[in-house]
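See structure below.
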Amino acid sequence: MKILVINAGSSSLKYQLIDTDNEAVLAKGNCERIGQNGAFIGFKTPDGKKINRKTQMLNHTQAFEAVKNALIDPEYGAISDLSEVSAVGHRVVQGGAYFDKSVLVDNSVINKIRELAPLAPLHNPAHLQGIEACTRVFGPKVPQVAVFDTAFHQTMPEKAFMYAVPYKYYEKFGVRKYGFHGTSHRYVSEKMADLMGRKKEELKLITCHIGNGSSITAVKGGKVIDTTMGLTPLGGFMMGTRSGSLDPSVITFIAEKEHLTPEEMSKILNKESGLLGISGVSSDDRDVCAAEADGNMRAHLAHEMLYYQIAKYIGSYYVALGGCDGIVFTAGIGENQPMLREKVCDYLECLGVKLDKEFNKQATCGVTGTLSTPDSAIRVELIATDEEMVIARDTRAIVEAL
Ligand code: ADP
C-alpha cells in the first residue's frame, strides 16, 4: 500500500511516498517559500539526482499540485497515476489532551485541531491548510490520517504534566505539559525494545532526541511517564535557538529591563537563544563544533552547557523511572555528534554506563549500533529516527481497519 506522508508548515511542505508493503521510500521532497516569491519544489530522482523546480505556489493547494506533478512526472515520477496513493498521513504538532493516538481525519478532528491552534499557532493552522489542500487536490475519497507529536506523551501522570501555577489556568486554557517529538520517541523506544530482544512492557528507557529542536523522554513499560518539552516545544534543555526551561524570573526581568512585549520576549527565547544565543556563532551544531575547534570559548561554553543539561535530565529520569535499562540517542545531533554522546556518557559513569569510545567515534553519518560496552550497566544505543515511517504505518493500520 502506497502512503503519502505530509509535514505541512506555514511556508513549507515536506513529503514522502512510502510503500508500506516493503517500507521503501519511493519519493521524497519539499516545497519551500509557499506564499512567497521564489517558491520551489525540491526532490530527488530515483537515480539520486537533486532537482529544484521553481513553481508558483501562492498557497498550500498549489504546493500540493506541485507535489502531485512531481509524483506522476513522466520522467522522474515514482508512480504513473495518482490513484496509486491509497491514503495520506499528516504530521500534526499539537493534539492536546484530545488525541492519544493517530486518527482518521473527519470534521470533528479538523475542529479539534483548529481549537488547539492557540497552543501551536505556528503549526496547527498550517497543518489544517495542508489537510484542506490535500482534499482539494486528491479528492475527498482518499482517506487522511492525523498523527500527533503529542499523542505518545498522553500517558504522563498529572504529577508530571502539571505546572505549579494557579490551577485555574489549567482549567481555563489547558496550561500543562504536552510534550513533543512523540512520534520519534515512540519509534526509537519500540526499536530499542526490539534490538534488546525484550518486551517493551518490561523496559525502562530514556530516549534522547537531540536535533535542532531537542527533547528527552522517560518511557516505562512502553508508556511515557515524563518528557522535557512542555506546553510548547520551548521547554526542557537548550536547543539550536531555544532556551529550554529557565528560572521564570529571567523572562520577566529581561522583559522589564528591555521593555519587551510578550511576542518580542517569545522571539528571543525561541529564535535567539540556545546554541546560537550562547555561542553567538550559529544554531547549527556543525558550525558550533567548527568554532569550538578554532578555540572559540563561547562555542565551547555552549557545548559544555548542553552536555551538562542533557546529563542532568537523564539523571533525573533515571530516578523517575526507578532505574534504566537503555538510553537511546537519535536525531541530527544525537546521530552525528560523537563528542556530545561521549561527554554526556562521561557524566553517566556514576550510573554504571560504559561507552565503547572507539565505536562511538565511528557512529556518525548513517552508522548506527550499540554504543556501550557489553559490561555497561545500561545499554546505550544509536538509532536513526524515522517519524515518516511511523506516520505511514499508522495511516495504513487505520485505513485497513475502515
Ligand atoms: P530538526 O529538529 O530540524 O529535525 P535535525 O534532527 O535535522 O533537526 O538536527 C539538526 C542538527 O543536527 C543541526 O544542529 C546539525 O548541525 C546537526 N547535524 C546534522 N547532521 C550532522 C552531521 N553530519 N554532523 C554533525 N551534526 C549534524
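From a predicted model like this one, the values you see are computed outputs, not experimental measurements. Each ligand, and each atom within it, is numbered from 1 in the order the structure gives.
Crowding of K177 atom NZ: a count of heavy atoms from other residues, nucleotides or ligands under 6.0 Å exceeding 12. Counted within 6.0 Å of CE on M339, heavy atoms from surrounding residues, nucleotides or ligands total 12 or fewer; the atom is thus considered open.
Looking only at heavy atoms of the protein, atom 14 (O) of ligand 1 is closest to D285 N, 2.9 Å. Of all protein heavy atoms, the one lying nearest to atom 16 (O) of ligand 1 is D284 OD1, 2.4 Å. Of all protein heavy atoms, the one closest to atom 18 (N) of ligand 1 is G332 O, 3.6 Å. In this structure, the protein non-hydrogen atom closest to atom 22 (C) of ligand 1 is N336 CB, 3.2 Å.
Salt bridge status for E23 with R393: present, with a side-chain N to carboxylate O gap under 4.0 Å. Under 4.0 Å is where a charged nitrogen must lie from a carboxylate oxygen, and between E292 and K343 no such pair does. In this structure, D346 pairs ionically with K357, as a charged nitrogen and a carboxylate oxygen lie closer than 4.0 Å. Look at K220 and D226 and you find no salt bridge, because none of the NZ, NE, NH1 or NH2 atoms lies under 4.0 Å from a carboxylate O.
For a threshold of 3.5 Å applied to N or O pairs, the pair formed by N212 and ligand 1 contains at least one separation below that value. Polar contact check, R286 against ligand 1: a nitrogen or oxygen pair lies under 3.5 Å apart. Of the polar atoms of I333, at least one N or O is found under 3.5 Å from an N or O of ligand 1, judged by distance alone. Checking only distances, I210 never comes within under 3.5 Å of ligand 1, N or O to N or O.
Counting only distance, with no hydrogens or angles, the side chain of H153 and the backbone of F180 share a donor-acceptor pair below 3.5 Å. Judged purely by atom type and a 3.5 angstrom limit, T155 uses its side chain to pair as donor or acceptor with the backbone of V224.
Using a 4.0 Å cut-off between heavy atoms, Q337 makes no contact with ligand 1 at all.
Atoms of ligand 1 found under 4.0 Å from any heavy atom of G213 (numbered from 1 in listed order, with element): 2 (O). Close contacts of ligand 1 with A331, meaning ligand atoms under 4.0 Å from a residue heavy atom, involve 6 (O).
The nearest protein heavy atom to atom 4 (O) of ligand 1 is not closer than 4.0 Å.
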